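Below is one structure, written out as structure tokens, with a few remarks after it.
The shown structure was predicted, so the numbers you read here are calculated from the model rather than taken from an experiment.
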Amino acid sequence: MMTSRTQGYVYIAITMCIWGGFTITSRLNALWHISAWDITALRFTLAFCILMPILIYKKDTAFLWAKQPFILAMIGGIAYCLTSYSAFHYVPAAHAAIFLNGCIPLCTALAGFFLFKQPFDKHTWLSLSIMLSSIAVMSYLMYQATGVAFGFGDLLFFISAMWWGIFTVLLKQWKLSAWHSMAGVAIWSAMIYVPFYLLFLPKHLDQVTMPHLVMQTIFHGVFVVIIATLAYIEAIKRLGAFKTGSIVTLAPFIAAIIAVPLLGEPLSLAIVCGLVGMAIGALQPWRWFGRKDPLQASLDQQKKN
């Protein structure tokens, strides 16, 4: 029988594998000619077909008619998917770790400040300084080497980080359950986006081999939308938000390194500087020193009582 802590690390491992796989498979979409329009539609269509019958069977559909799931779907579902998937068609996977995953903590803090006046703490200010410094060094080195500091894909990744930051802050503020958040985003995204996609957007599915299409649809529609979300929430319950968030943030950075030999992508000195700086800023490793494990703290408190 696994302890609660061991279960937490198992859930973290599941989440890391899927989040790292998201970076690799999203880059493969570009190499396999699966457009952002196509994969977004396939992702939410499959999730809808799985989740909607479950909600109907459980008679748990009333929450869908509140404004919160709809808004979350427009921001963290459709907008985030379209910008992030599109970005992978312009730049390598390492750029996603820097400008998407690395910037998410910063964008979340900014969203909390502008939407709900949540002040920055000292850790956020230090992270901001490290991130801005690493981006400055990286952009200088890139400009010296190529004459271009940033690309259009980098901008799309940063916009994606902004969408996810707003989504995270709203999700925390509205206190929806993990199940309702996940199901609401998937179902509303499918109901709004898929009809629009079928009627108006370009489709390139005839350019893709069936094995590639099936693999990407299952991975993004089931593993990313459903399994990773639930595993992440279960890990937080057992290990706490800080430890869980710190560990799983490593996944995209590891995936960026794996993409070098796996996909034959370049890894210049500029990208290495960006990866290291953004990883340190996102993980905030200095907060680990002297920090007591939440489970051990709970046991110590029980002994005192």
Side-chain angles (χ1 to χ4, degrees), residues 1-25 47 50-51 54-55 57-58 60 63 68-69 72 76 97 101-102 104-105 108-109 112 118 121-124 127 164-165 167-186 218-255 258 279-305:
M1 186 68 179
M2 289 191 297
T3 64
S4 178
R5 180 185 299 180
T6 303
Q7 292 174 6
Y9 284 115
V10 171
Y11 284 121
I12 280 182
I14 294 171
T15 307
M16 287 185 69
C17 289
I18 297 174
W19 283 15
F22 173 85
T23 300
I24 299 295
T25 57
I50 294 173
L51 295 172
I54 296 175
L55 292 178
Y57 175 78
K58 295 173 62 178
D60 185 23
F63 76 95
Q68 289 87 348
L72 290 174
N101 302 98
I104 281 178
T108 302
Q118 298 173 359
D121 59 17
K122 61 181 181 181
H123 302 296
T124 303
S127 289
W164 195 258
F167 172 81
T168 301
V169 170
L170 292 178
L171 188 62
K172 182 179 179 181
Q173 187 73 17
W174 289 336
K175 294 180 170 57
L176 296 177
S177 69
W179 172 256
H180 281 172
S181 301
M182 176 201 64
V185 168
I218 292 176
F219 181 80
H220 290 271
V222 177
F223 286 85
V224 175
V225 175
I226 300 175
I227 298 177
T229 302
L230 296 180
Y232 184 61
I233 297 300
E234 291 299 325
I236 289 176
K237 290 180 182 178
R238 289 161 174 78
L239 298 176
F242 173 74
K243 179 177 285 188
T244 301
S246 296
I247 297 174
V248 299
T249 300
L250 283 171
F253 293 93
I254 296 173
I258 294 174
I280 293 174
L283 290 171
Q284 299 182 358
W286 58 86
R287 296 181 64 182
W288 286 84
F289 300 115
R291 184 182 181 88
K292 183 175 287 188
D293 185 275
L295 294 177
Q296 186 61 47
S298 177
L299 291 174
D300 292 345
Q301 186 63 36
Q302 291 177 9
K303 290 178 180 179
K304 290 180 181 179
N305 297 334

Please name the pair of heavy atoms, one in [X] and one in [Y], separated by the smallest distance, quoted to 0.1 Å.
| X | Y | result |
| --- | --- | --- |
| L51 | A186 | CD1-CB, 3.7 Å |
| G20 | A255 | O-CB, 3.4 Å |
| L72 | L176 | CD1-CD1, 3.6 Å |
| S181 | S177 | OG-O, 2.7 Å |
| T15 | A228 | OG1-O, 4.0 Å |
| P69 | F63 | CG-O, 3.4 Å |

Gap between atom [atom2] of [Y] and atom [atom1] of [X] - 0.5 Å precision:
| X | Y | atom1 | atom2 | result |
| --- | --- | --- | --- | --- |
| R238 | T3 | CZ | OG1 | 10.0 Å |
| C17 | I227 | SG | CD1 | 11.5 Å |
| I258 | T23 | CD1 | OG1 | 10.0 Å |
| F219 | I18 | CZ | CD1 | 6.0 Å |

Side chain to side chain, [X] and [Y], heavy atoms closer than 4.5 Å:
| X | Y | result |
| --- | --- | --- |
| H220 | V225 | no |
| W179 | K58 | yes |
| E234 | I14 | no |
| L230 | I226 | yes |
| V185 | F167 | yes |
| Q173 | Q68 | no |

Given the side-chain rings of W19 and F22, with only the six-membered ring counted for Trp, is the space between their centroids under 6.0 Å?
-> no

Donor-acceptor pair, side chain of T6 and main chain of M2, under 3.5 angstrom | no

